[in-house]
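Comments concern the structure below.
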Amino acid sequence: MNRLLLAAYPAPYRARHGDELLGCLAEAYPGRSWPPPREVAALVGAGVRARARAVADDPARPWWLDGVQLAALVLAALALVPYLQDVWHWALRIDPGEHAIAFHFAGWYPWADGPTRTRLLPYGLLPLVCLVALVRGRAWIALPASAAMIYAGATYGSSTLFGDEGKAGLGYYGLGAPLTARDLVLSGTLCAACAFLAVCRTGRLRRHAYGLLFPVALALFLAGQLHVTAISPAFQRGLFAVEVAGLLAAWVATAATGDRRWLIPVAAFAFVRLQVIVLRPGGFMGSLPDLVVLLLLIAPLPALAVAAQRRQRRTLLELP
């Protein structure tokens with residue numbers, strides 16, 4: 001089990017120090033397959049810092065280009081989350097019946113029987129295509145998919161290509177008000193980021209390993225098998241934890257390197273979430289006090305900026 005902790009570190013670090021780290025853990029905690037929680041947190045934090053330094057020291061691409069790609073990845077994941085169950089059921093040709101996520105119970109697949117209009121594709125396929133393409137650095141594939149997201153949201157109620165069942169749901173809350181396909185700010189910001197990346201030389205974009213998609217596949221499986229919906233308390237708590245963990249990881253990476261690239265995805269995330277709260281304040285679920293949610297969205301930006309400035313100042317002082 002200790003080898004799972006090594007996954008937090010970049011591959012070159014594992015090759016050089018992996019056996020040494022495993023030996024230290026075996027000596028410090030004999031007979032245990034897993035160290036204490038405090039040690040786990042310390043090792044994972046060190047792994048995040050090591051990965052952040054490896055990314056910041058990579059001269060192959062400018063920091064702002066990497067930041068925009070990270071922002072596009074965050075927005076694509078944000079758009080996909082409410083439709084995980086929908087995509088899983090469509091891919092496996094499952095009619096969810098009464099487990100449909102706040103949509104019509106039948107007739108929403110080409111192979112399902114029911115009184116409602118059928119649709120050809122689930123809306124969630126579009127952000128999924130975006131996410132996979134961006135992971136592999138293929139912005140020219142993500143751009144038309146994100147443009148189709150804008151079209152699907154703008155033609156709500158008048159098109160049967162994606163139908164209306166996948167866009168009339170409650171979306172999900174997490175840190176803020178609900179997001180649905182009709183929130184064109186999300187799809188529009190994602191499309192703008194993809195267009196920017198496509199204009200740049202696509203060969204300069206970072207290509208992540210397919211292993212990065214494992215959490216996405218796991219989320220699809222859990223949402224489809226457990227019928228976890230966007231209005232489920234478990235779903236809300238889980239997404240809240242994931243979003244807070246992402247913000248903390250961005251802070252750790254910025255504090256370790258002094259690099260500002262992680263400010264860009266955090267700013268994009270905060271912009272999309274805040275505009276929904278401002279434009280639709282009555283849609284806030286109220287699972288947390290409004291002021292707490294606003295602080296959680298706004299506070300990371302100055303915190304990351306200050307962390308980057310302090311790290312850069314410390315680096316200058318350490319120079320001979």
Side-chain angles (χ1 to χ4, degrees), residues 52 55-56 58 60-83 123-154 162 167 171-172 174-177 179-209 212-213 215-216 239 242-243 246-247 249-250 253-254 259-279 297-298 300-301 304-305 308:
V55 170
D58 186 1
R61 58 194 58 81
W63 66 269
W64 48 265
L65 184 62
D66 224 13
V68 174
Q69 185 178 5
L70 286 170
L73 282 167
V74 169
L75 295 178
L78 197 64
L80 171 63
V81 164
Y83 308 101
Y123 172 82
L125 280 181
L126 298 177
L128 179 60
V129 170
C130 266
L131 185 64
V132 175
L134 290 167
V135 164
R136 298 301 296 164
R138 309 291 188 184
W140 56 275
I141 297 178
L143 179 57
S146 60
M149 290 171 62
I150 298 177
Y151 167 79
F162 299 102
K167 294 175 288 186
Y172 89 98
L175 290 176
L179 291 170
T180 66
R182 287 177 288 173
D183 292 309
L184 298 183
V185 173
L186 171 57
S187 54
T189 306
L190 174 59
C191 186
C194 292
F196 178 84
L197 295 173
V199 169
C200 299
R201 292 174 56 188
T202 55
R204 301 173 67 189
L205 299 182
R206 188 178 300 277
R207 295 186 180 183
H208 301 277
L212 191 65
L213 296 173
V216 179
L239 263 295
V242 168
E243 292 183 358
L247 293 173
T254 303
D259 196 284
R260 291 185 170 86
R261 74 186 65 211
W262 291 281
L263 268 168
I264 299 177
V266 171
F269 171 80
F271 168 71
V272 170
R273 303 304 268 141
L274 283 172
Q275 64 86 25
V276 180
I277 297 174
V278 172
L279 295 179
L297 286 170
I298 297 174
L301 292 173
L304 263 65

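FYI, the numbering just counts along the sequence from 1.
In this structure Arg136 satisfies the salt bridge (Lys or Arg N to Asp or Glu O under 4.0 Å) test with no other residue, sequence neighbours excluded. The salt bridge (Lys or Arg N to Asp or Glu O under 4.0 Å) check on Asp66 picks up Arg206, Arg261, with sequence neighbours excluded.
Across every non-hydrogen atom of Ala72 and Leu190, the tightest pair is O-CD1, 3.4 Å. The two atoms that bring Cys191 and Ser146 nearest to each other are CA-OG, 3.4 Å, heavy atoms only. Here the shortest heavy-atom pairing between Cys200 and Leu65 reads SG-CD1, 3.8 Å. Ser187 and Leu184 make their closest contact through OG-O, 3.3 Å (heavy atoms, listed as atom of the first residue, atom of the second, distance). Taking every heavy atom of both residues into account, Cys194 and Leu143 meet most closely at CB-CA, 3.9 Å. Shown here for Ala209 and Val135, the closest heavy-atom pair between the two residues is O-CG1, 3.9 Å.
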- Message: Set out, in order, the CA-CA distance, both residues' side-chain angles and the distance that settles side chain to side chain contact (heavy atoms under 4.5 Å, CB included) for Leu274 and Ile298, then state yes or no.
- Response: CA-CA 9 Å; Leu274 283 172; Ile298 297 174; 3.9 Å; yes
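Side-chain contact between Tyr123 and Met149 is present, with heavy atoms from C-beta onward closer than 4.5 Å.
Taking CD1 of Ile264 as the reference point, atom CG of Leu70 lies at 8.5 Å (rounded to 0.5 Å).
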Can you list, pair by pair, the side-chain donor-acceptor contacts under 3.5 Å of residues 124-134, counting residues two or more places apart and other chains?
none

